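Everything below concerns the one structure shown next.
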Amino acid sequence: MPSSTSSSNVEGFAAHRAPNIPVLKVIIAVIALSVMIASGLELFWSAQGVQPSLRNTPEVWSLEVHRWMDRRPGSAPAVILLGSSRVQCGVDSVQLSRELPEMDVYNLSVGGTRSLEALKFLSQHGALRAGDVVVAEFWPLAQLGAMDRAPYQQKWRLFEQGYTNPSFSQDIEATLDVAMESTLRSVHPELNLHHVFTHALSKRRVLMPLETMRIDRFIALDFVHQEASRLARMKSKHAHQFGQVEPMTADAQLELIHEFEVVIQEIQAQGAKVMLFHPVVSGVTREREQDLLEQQAFQLDALRSVTDAYVSYEESSTMVGLECPDEIHLGQEDIPAQTSYLSMSIRKMIPGE
């Protein structure tokens, strides 16, 4: 039977077909446009002074733990930094490495935690060696004050779980994230473009990031380029949080100090030394701590007896004169002084120095 479709109908159908789009050229154009936009953003943020920043995640912390635990036999002794954001943001590990060239520095501090859990973690993994120095933050007001410790312990467990239960895909993802985030400014964790440009339109100035984390896990805090209202809120928050802290009972303090003593002895048994370090605080927070120290409300003599060294900013006339813009974290201009003070104190613990 002859076809009922005429040649004219076929020609009409062909005329109404979608045009032949060059898919490869479209893909190339999209890629080129994306590269141009990304390059433009990189140039813009570079001109603003923004630096690349890693996200402060358990996976990135886990990479630093592995770097410490996978040391080759015969490698240099380690300086291991433990504590909260006051250590992570207050001690420049690159400067510390420069001032202690005979030692390798590992920054295992985690913001929002306390050092006792971190000390227990170190003591249980058998990676410590003779000559290692463990620097653990000890802030009497926070450690021996009557405060709820559950949030700090929960934060530590979150990070520890990232190390103890990693998946292969998480390790690969963390490595790729570090490679990208340590190179590109435009993926800075604090650069939400909508928020940044909305702020720029309303305030006529670009909103700069507060925190920038380097690959060595040191976090640089940019207080200088923050709005006065934001700094005031941060200062008020910390003054309220720490300015009215009451001390734990004497028995509770001695019980906590005994926990420190047990874990410190376990670390010393592996050949390492332990320094407890009290970074700078200021403002209402310092006043409250000074009041309690003058009242001898803290069992510091008992604490000093269980560790190799107890180093506080209060023992240095230079350090006492420093001020924290938010009461508990130093500004960038004062980090070198605190880092040098710490490196000098560590050097006194090295045999033969």
Side-chain angles (χ1 to χ4, degrees), residues 80-87 90 108-125 128 133-160 237-270 272-315 319-320 327-328 345 349:
I80 305 157
L81 302 175
L82 305 177
S84 68
S85 59
R86 298 174 65 244
V87 172
L108 304 186
S109 52
V110 177
T113 67
R114 295 291 181 260
S115 56
L116 180 58
E117 286 75 24
L119 285 168
K120 291 177 180 178
F121 174 82
L122 253 62
S123 69
Q124 294 166 0
H125 283 79
L128 291 164
V133 176
V134 178
V135 178
E137 177 192 1
F138 192 94
W139 179 14
L141 193 64
Q143 295 279 13
L144 300 179
M147 302 178 66
D148 182 10
R149 281 161 174 72
Y152 305 113
Q153 294 168 344
Q154 183 178 5
K155 179 71 174 290
W156 174 260
R157 285 194 296 269
L158 176 66
F159 272 70
E160 187 175 20
K237 172 189 172 184
H238 293 140
H240 177 75
Q241 183 178 4
F242 300 109
Q244 299 179 351
V245 171
E246 294 293 336
M248 300 165 61
T249 65
D251 288 343
Q253 290 188 41
L254 291 174
E255 183 179 342
L256 180 65
I257 290 171
H258 178 67
E259 284 192 68
F260 272 93
E261 180 180 16
V262 170
V263 71
I264 287 172
Q265 288 177 349
E266 291 174 353
I267 290 173
Q268 291 169 333
Q270 298 178 50
K273 294 185 176 182
V274 179
M275 171 195 290
L276 298 182
F277 176 57
H278 182 3
V280 177
V281 294
S282 64
V284 175
T285 302
R286 179 188 290 180
E287 292 173 5
R288 180 56 179 162
E289 186 167 71
Q290 289 297 322
D291 287 344
L292 293 176
L293 288 170
E294 290 173 4
Q295 297 170 26
Q296 297 184 339
F298 297 133
Q299 306 290 321
L300 291 185
D301 288 340
L303 180 70
R304 292 174 188 272
S305 69
V306 304
T307 186
D308 294 295
Y310 178 85
V311 176
S312 171
Y313 77 94
E314 296 165 328
E315 299 166 355
M319 300 294 290
V320 168
E327 298 239 340
I328 63 173
S345 302
M349 300 176 69

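Hydrogens, waters and symmetry mates are skipped; everything else that's a heavy atom, side chains included, is used. Since this is a predicted model, take the numbers as computed values, not measurements.
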Does the side chain of [X] pick up a donor-acceptor pair with the side chain of [Y] at under 3.5 Å?
X	Y	value
Glu327	Ser282	no
Gln290	Glu314	yes
Glu137	Ser84	yes
Arg114	Tyr152	yes
Glu160	Trp156	yes

Assess whether a salt bridge exists between Glu315 and Arg304, defined as any Lys/Arg side-chain N lying under 4.0 Å from an Asp/Glu carboxylate O. yes

Determine, for Arg288 against Glu246, whether the closest basic-nitrogen to carboxylate-oxygen distance falls under 4.0 angstrom. yes

Can a donor-acceptor pair be found, under 3.5 Å and without considering hydrogens, that links the side chain of [X] to the backbone of [Y]?
X	Y	result
Lys273	Met349	yes
Glu117	Gln153	no
Lys155	Gly111	yes
Arg286	Val280	no
Glu261	Val306	no
Asp308	Met275	no

Lys120 and Glu266: CA distance, side-chain angles, deciding distance, salt bridge (Lys or Arg N to Asp or Glu O under 4.0 Å) verdict: CA-CA 9 Å; Lys120 291 177 180 178; Glu266 291 174 353; over 6 Å; no

Distance (rounded to the nearest 0.5 Å) between [X] [atom1] and [Y] [atom2]:
X	Y	atom1	atom2	result
Trp139	Leu276	CH2	CG	15.5 Å
Leu82	Thr113	CG	OG1	8.5 Å
Gln270	His125	CD	NE2	11.0 Å
Leu108	Ser115	CG	OG	12.5 Å
Leu128	Ser123	CG	OG	8.0 Å
Leu303	Gln299	CG	CD	10.0 Å

State which residues pass ring pair (Phe, Tyr, Trp, His ring centres under 6.0 Å) with Phe260; sequence neighbours excluded, sorted by chain then number. Phe138

Check ring pair (Phe, Tyr, Trp, His ring centres under 6.0 Å) between Phe277 and all other residues, then give those that pass, not counting sequence neighbours. none

Before giving the answer on side chain to side chain contact (heavy atoms under 4.5 Å, CB included), spell out for Glu289 and Leu292 the whole-Å C-alpha distance, their side-chain angles and the decisive distance to 0.1 Å. CA-CA 5 Å; Glu289 186 167 71; Leu292 293 176; 5.9 Å; no

Residues two or more places apart in sequence or in another chain: which of them pass side chain to side chain contact (heavy atoms under 4.5 Å, CB included) with Asp251? Thr249

